[in-house]
There are 2 protein chains.
Amino acid sequence: MLTKARGLAAGQLAKAAGVNLETIRYYETIGLMPAPPRTPGGHRVYDDVHVRRLAFIRRGRGLGFSIEEVRALLVLNDPRHGSCAEAKDIAATHLTEVRHKLADLTRLESILAASVARCTSEPLAQCPVLDMLGPETSLPRAGMTTHDSSLDRL
Amino acid sequence: MLTKARGLAAGQLAKAAGVNLETIRYYETIGLMPAPPRTPGGHRVYDDVHVRRLAFIRRGRGLGFSIEEVRALLVLNDPRHGSCAEAKDIAATHLTEVRHKLADLTRLESILAASVARCTSEPLAQCPVLDMLGPETSLPRAGMTTHDSSLDRL
DNA sequence: CTGCCTCCGGTAGCCACTACGGGATCAAGC
DNA sequence: GCTTGATCCCGTAGTGGCTACCGGAGGCAG
């Protein structure tokens with residue numbers, strides 16, 4: 001179990017970070033995680049640096065940053081290339097996207113909530129949910145903020 | 001241009017629905033749109049029924065329903081199988097998901113907004129954005145409502 | 001009948017993983 | 001030392017919902 005030499009096996013790192021083993025290997029192939037040293041038999045051995053880096057990545061992903069944004073943030077996190085201004089730019093851009101999606105989802109929520117609510121009353125001739133999708137209704141256009149159509153797969 | 005016989009060519013249907021031509025062919029291959037009749041040369045010819053069906057689909061997708069949900073709603077929209085209760089179930093389930101994502105995104109927004117805002121003040125020793133991702137910070141856990149990790153790619 | 005636009009089918013790519021499968025390696029118990 | 005059972009290896013394919021690209025064929029106005 002690699003207890004000696006203070007190294008972690010891939011599965012242990014995965015468990016520690018709450019990530020799938022395959023995800024770690026994926027991060028390695030796309031160059032997001034560095035290739036760690038190996039045992040003579042080919043098993044990966046990780047140390048604290050890897051643990052911290054993976055935690056950083058997971059936190060970034062958890063906040064909705066794309067892989068490429070996380071990659072950029074990792075570079076900026078290095079004291080040598082550290083640039084708070086650039087990091088702020090990335091976060092601000094992401095924040096704007098989040099706010100767009102928030103606006104889209106809010107519109108969605110009210111449209112859906114309205115037609116589901118109309119269903120709860122006594123049986124109607126027409127189904128409010130299907131009506132909402134039918135051709136004559138002129139929806140307040142669930143109209144996404146254009147930058148990207150149809151809520152970009154939510 | 002198929003002006004006779006009241007038929008629409010694929011590109012015309014696409015333009016009318018605000019959809020890519022390829023999307024229509026995609027919907028046909030996955031069985032969401034029926035295969036229309038063809039000209040002797042093999043070009044698709046659509047009519048009003050197709051136009052309405054595609055409009056229904058697009059509206060459903062615009063409201064964030066998955067392809068499979070739209071498929072189910074299409075069946076329920078047929079007067080013979082019409083069931084308002086089932087349609088309501090689908091919409092209610094979707095509404096719940098939308099609300100989860102709304103909650104997640106709202107949490108995200110406040111975390112991001114807070115660290116970006118902290119950047120705007122005069123230069124600090126540490127970058128608030130990178131701090132947010134660093135190991136010692138104990139974030140209010142951007143903790144998604146579990147049903148699915150990491151905001152499911154937003 | 002010629003030029004040009006549109007459409008055809010098929011395939012590959014996008015994002016961020018997840019799943020699967022057959023074989024190798026590990027640590028530990030005996 | 002040897003066996004056992006967990007873990008790990010690598011590669012490939014699949015997910016959703018399209019989009020992009022290709023060479024070639026159809027359709028229609030002049």
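Hydrogens, waters and symmetry mates are skipped; everything else that's a heavy atom, side chains included, is used. Chain letters run A, B, ... following the sequence lines, proteins first, then strands; residues in each count from 1.
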Under-4.0 Å side-chain N/O to phosphate OP1/OP2 contact, B:R44 with C:dC8:
yes

Which whole-number value in Å describes the distance from A:L8 CG to C:dC26 P?
16 Å

Please identify each residue that fulfils side-chain contact (heavy atoms from CB on, under 4.5 Å) with B:A91, with sequence neighbours left out.
A:V116, A:V129, B:F65

Flag, side chain of B:E28 to backbone of B:R25, donor-acceptor distance under 3.5 Å:
no

Find the distance B:L21:CG to D:dT19:C1' and express it as a whole number of Å.
12 Å

Integer-rounded Å distance: D:dG27 C1' and B:R38 CZ
15 Å

Are OP1 or OP2 of D:dG17 and a side-chain N or O of B:T23 less than 4.0 angstrom apart?
no

Got a salt bridge between A:R71 and A:E68, using NZ or NE/NH1/NH2 to carboxylate O under 4.0 Å?
yes

Could you state the atom-to-atom distance from CZ of A:R71 to C1' of C:dA16 in whole Å?
12 Å

N-O pairing of B:R107 and B:D104 below 4.0 Å:
yes

Is the phosphate of C:dT25 approached by A:T39 (side-chain N or O, under 4.0 Å from OP1 or OP2)?
no

Starting from P on C:dA12, measure out to OH on B:Y26 and report it in whole angstrom.
17 Å

Under the 3.5 angstrom rule, does the side chain of A:E86 hit a backbone N or O of A:S83 as a donor-acceptor pair?
no

Using whole Å, report how far CD of A:E28 lies from P of C:dA16.
18 Å

Between C1' of D:dA20 and CD1 of B:I24, the distance in whole Å
16 Å

Is it true that A:R53 and A:Y46 share a donor-acceptor pair across their side chains at a distance under 3.5 Å?
no

Between A:K15 and B:E68, the residue closer to the 5' end of DNA chain D by nearest nucleotide is A:K15

Taking atom C1' of D:dT19 as reference, at what distance in whole Å does atom OH of B:Y27 sit?
12 Å

Working to the nearest 0.5 angstrom, can you tell me the gap between A:H94 NE2 and B:L112 CG?
5.0 Å

Table of protein N/O atoms under 3.5 Å from nucleotides 19-24 of chain C N/O atoms:
none

